[in-house]
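One structure is given below, encoded as structure tokens.
None of these values were measured; they are calculated from a predicted model. Order of the sequence lines sets the chain letters (A, B, ...), proteins ahead of strands, with each chain counted from 1.
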2 protein chains.
Amino acid sequence: MRTAPSARSSRDTSLRGHVYAWLRDALSAGKFVPGQKLTFRSIAASTNVSLTPVREAIRRLVAEDALEMEPNRSVRVPRMTVTKLLELRDVRIALESLATGKAARIMSKAEFARLQKIAKEIARARDRGDVATDRMKIREFHFALYRAANQPILLAVIERLWLQTGPYLNLLFPEYIGSGRGVAIRAKLIRALRARNVAMARREIANDIRSALSYVASLADESGNIVPASMPSVRKRRGKGQVS
Amino acid sequence: MRTAPSARSSRDTSLRGHVYAWLRDALSAGKFVPGQKLTFRSIAASTNVSLTPVREAIRRLVAEDALEMEPNRSVRVPRMTVTKLLELRDVRIALESLATGKAARIMSKAEFARLQKIAKEIARARDRGDVATDRMKIREFHFALYRAANQPILLAVIERLWLQTGPYLNLLFPEYIGSGRGVAIRAKLIRALRARNVAMARREIANDIRSALSYVASLADESGNIVPASMPSVRKRRGKGQVS
DNA sequence: TGTCTTGATTTGTGATCACAAATGTACCGA
DNA sequence: TCGGTACATTTGTGATCACAAATCAAGACA
């Protein structure tokens with residue numbers, strides 16, 4: 001297996017690293033309600049550690065824009081808006097095109113094969129309706145590609161952006177995913193990579209990101225807010241973290 | 001005056017914010033030797049605070065890749081290499097071109113004027129050989145432009161990248177700066193912006209970054225390391241943080 | 001009923017302490 | 001002279017405490 005969601009903090013044995021991973025995974029999985037306030041002590045209780053490591057973990061997430069810290073010094077799960085999502089879309093297109101272009105030039109046969117294999121696994125998971133591994137494999141596909149570019153700084157920036165896009169990619173299921181748009185693009189992408197056609201590879205990855213995130217953006221309500229799927233039966237005590 | 005180096009942490013009255021700003025400015029100014037190990041207690045002593053806020057400030061810098069944390073849990077000032085610098089160059093080109101393109105579309109007259117004014121101030125500082133304000137104004141010019149793009153996420157990412165490029169831009173003085181290459185590009189850039197010529201504006205900002213950072217990269221020694229200028233008379237006790 | 005005030009509680013911040021891992025140093029044997 | 005071991009010191013980590021700012025909950029008054 002060895003999924004290793006984040007390549008950078010793999011072997012972090014510290015408590016702070018543990019809390020960080022716990023929070024990051026919870027955020028990615030959409031286990032928090034956007035706008036929800038997180039208190040240090042409640043997280044400390046959930047993870048069975050003292051305040052100290054919790055504080056440092058939260059501070060890191062804040063630095064990565066995965067959490068927001070308000071002037072009144074309370075931390076909240078960021079809300080997603082169309083504006084923000086479209087901005088993330090454009091930044092991701094710029095950076096992931098760059099990474100794809102670099103990868104197209106230097107990828108090895110083994111890396112082509114790995115991509116192909118992951119694409120097959122995505123198709124298989126999709127056939128049996130396994131949304132969880134479908135999502136995981138999509139992420140794996142993208143990062144296998146970007147890692148092949150051999151650009152650690154670029155990779156780190158892209159990882160942070162994915163952390164922000166976080167749970168909202170769940171909204172692609174089942175409609176967008178079912179449309180087969182992603183499959184077609186991925187096929188063309190692999191073909192372009194194999195041919196070392198840099199321009200075409202860049203175009204395809206850009207298409208993939210653009211169509212997916214534009215679709216998610218189209219799901220916004222009238223006030224521009226976007227609510228992630230797979231949420232934990234929304235808390236009764238509304239009003240607290242909601243409209244502000 | 002009101003320089004406000006980082007728009008995000010402007011009004012941070014906390015001790016941790018103070019330490020963060022202190023460290024960030026010291027890093028940007030090249031007051032630390034690359035590879036130098038920083039101890040929590042020494043920074044706490046320098047800033048007259050306890051370990052707690054120092055730890056959180058350092059953690060933030062680490063998250064922003066402005067400091068490195070080794071597996072043996074010691075934090076060091078990152079060393080710059082040609083490889084890293086060229087990667088930063090390409091990422092910066094991608095993102096700052098994007099920001100410039102957006103800005104070109106929506107900039108107001110007032111913002112054009114502000115850019116023009118800063119360009120004049122750069123020229124004036126240069127005439128009197130004032131390197132310090134020259135550098136500061138160049139930064140101001142770029143960020144006035146990027147801020148005009150009205151893309152907060154993009155701006156935050158760009159800020160982090162500049163933090164990494166940090167003191168190495170000092171190496172542009174006096175040779176590259178004296179070549180007048182930057183001045184010519186900036187003039188064309190402003191013209192393109194005024195004409196709302198997106199493609200040309202993007203091309204010019206890309207040229208600016210590419211030529212500047214490629215020049216810095218050319219200053220690397222035979223082993224690929226790059227040493228910043230304006231350093232504090234290198235510590236006698238070598239061997240500690242040097243070649244490893 | 002709605003608004004302001006007052007007091008109780010929650011919550012983030014910073015300092016301090018204890019401890020273990022990492023580092024440095026002196027001493028020993030080959 | 002070189003390599004390794006034992007001990008002392010430094011240094012990051014995590015827990016705990018004190019405190020002030022923020023938040024909440026009643027109660028008073030209009």
Report, as a single string ordered 5' to 3', how protein heavy atoms within less than 4.0 Å touch nucleotides 8-22 of chain C: B base, S sugar-phosphate only, - not at all. ---BBBBBB----B-
Presence of salt bridge, A/Asp65 and B/Arg160, under 4.0 angstrom: yes
Distance alone, cut at 3.5 Å: any donor-acceptor contact between the side chains of A/Ser97 and A/Thr100? no
Working for side-chain contact (heavy atoms from CB on, under 4.5 Å), residues A/Lys117 and A/Glu121: CA-CA 6 Å; A/Lys117 176 161 171 272; A/Glu121 290 171 343; 3.6 Å; yes
Just checking, is any N or O donor in the side chain of A/Ser28 or A/Asp25 under 3.5 Å from an acceptor N or O on the other one? no
For A/Pro34 and A/Tyr168 the tightest heavy-atom approach is CG-OH, 3.6 Å
